[in-house]
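Okay, structure first, notes after.
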Amino acid sequence: MPSSTQPDIGEMSSDASSRFLRNTWYVAAWSQDVAAGSIFSRRILGERVVFFRAATGTVAALADYCPHRFAPLHLGALLPNGRLQCGYHGLEFDAAGACVHNPHGNGVIPPAAHVPAYPVVERHGIVWIWMGKRTADPALIPDFSILEDAGEKLGRHDHIIFDANIDFVTTNLLDLSHVSFLHEGILGNAETIAADIGVRQEGTTLFVTREQSNVRIPPLYRLTYKPDAEVGDLWRVMRWDAPGCMILDSGTTAPGASRDDGSGYYGIHLLTPETATTTHYHFSSVRRHLSAIESQDEAIKAEIARLRRIAFEGQDAPMMAAQQETVRELEAQGRMLRPALLSVDAGPQRYRRIMDTLLAADS
Ligand code: FES
Ligand SMILES: [Fe+2]
C-alpha cells in the first residue's frame, strides 16, 4: 500500500466517550488482583465498579455506590458471610446487588435499596465484565487459553493506566512501526523500519503482520532466541478482537529458516477504557520455548518483564498522553483533524472500520 492521505480513518478525537462499545466483554482485572476477602475498586467506561469474591469464591461486580446516601461501597467491609457492608450506615448487599440486611428501625428493606450488578466471568486468569444491556454470552470472550496452558513459560501479569483514550492505544499496538523509533534499543532499531505489512480479517477478528528479513535482532528478541545471535528474520503477528484484546505472536529465526526453528514470545495486550481519556492496560507474556539452560529462565523472565514495562510505561505512555493533549488543544482551536495516512496505517484503518460497524450495531 503506497503512502497516501486517504481520509477514511475518520477524524481523531481526544474524547471518544460516546463511542464506547457496551455489549462486549471487557477485561476488568487479572484474577490474582481480586483476592479472597478483599474489596477491589476500578473505574470502567467512566463508571466506578466494586469487585469482591462472594462466599462461593466467584467474583461479583456492583456499581460502586450505596443506594441510601451514595457512599462508595468500596469504603465498606466484606463480611465473613460474603456480603458487602456499606461503611457509612451498615446496609448489607449480596453478590446480585440486593440489600439483604438493614440494621436500622424495624429492619424493613426499602424497594429502592438495591445496586446495579454487572455480569462477570472469570476465564484464563482474567476477570471479564459485561457493561451492556444485552444478554452477556460467555462464548463471546476471545480465546486467551494460552495463558492457562503456559506453565513455566508464563511471564508476569502487569497493569498500568495510560493517560490516553483507548483508540490512541489500540492504534499504537496495531501499527508497530513505532518500535524502531520509540523503542529503539529494546524492541526495534534502524534495520526494523522497512517491513512487509499484511492485514487479514476473519469475522470481526483482525490480524496485522510485520515481517523483516536478515536484520539486526533487537535486544528483547535476542533474550527469547539466542543471546549471541546478531541477525535474523523477525515476525510479528498481532491478533485483535474488539474492543481491545490482543495477542502478539513475535519472534526471530535464522535468516531464511522456518519460524519453528526460531523462538520468541506471545505478548498479551488487553485494553479497557477507564474513562474517555484514560485506558487500563493489562499485559503479560508467554514464551514460545524455555531456555536450554533451565537456571536462566527466571532471570530471562524478569528481564522480559522489566524491558516491556520500560517500553510501555516509560516510552509509549508519555508519547500517547502528549499526543492526546495535542489533539485536545487543536480541537479546542476548532481544527478538524484528519491524519495524513501512511502505509503503516493499514491495520489501524481496518480496526476503525470494524469498530464503526460494531458501534453502529451496539445499543
Ligand atoms: S450510605 Fe450506605 S448505608 Fe447509608
Ligand atoms: Fe509501543
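Whatever order the structure lists ligands and atoms in, that order sets their numbers, starting from 1.
You'll find the ring centres of H280 and Y26 outside the 6.0 Å limit.
R239 forms a cation-pi arrangement with F144, by the criterion of a distance under 6.0 Å to the ring centre and an angle within 45° of the ring axis.
Excluding waters, the set of protein N/O/S atoms under 2.8 Å from the Fe ion (ligand 2) reads H178 NE2, H183 NE2, D316 OD1, D316 OD2.
At distances below 3.5 Å, not a single donor-acceptor pair connects side-chain atoms of T279 with backbone N or O atoms of T272. Side-chain atoms of N23 come within 3.5 Å of backbone atoms of K133 as a donor-acceptor pair (strictly under, hydrogens ignored). Looking only at distances, no side-chain donor or acceptor of D356 sits under 3.5 Å from a matching main-chain atom of R353. Checking side-chain atoms of D233 against main-chain N and O of T253 turns up no donor-acceptor pair under 3.5 Å.
Protein residues are said to neighbour a ligand when one of their heavy atoms lies under 4.0 Å from it; for ligand 1 these are C66, H68, R69, A71, C86, Y88, H89, G90, L91.
Under the rule for a side chain to side chain donor-acceptor pair (under 3.5 Å), the partners of Q333 that lie at least two apart in sequence or sit in another chain are R335.
Counted by atom type alone, T192 and Q212 present zero donor-acceptor pairs between their side chains at under 3.5 Å.
The other members of the hydrophobic cluster of F70, by chain and number, are Y65 (side-chain heavy atoms under 4.5 Å, ILVMFWY only).
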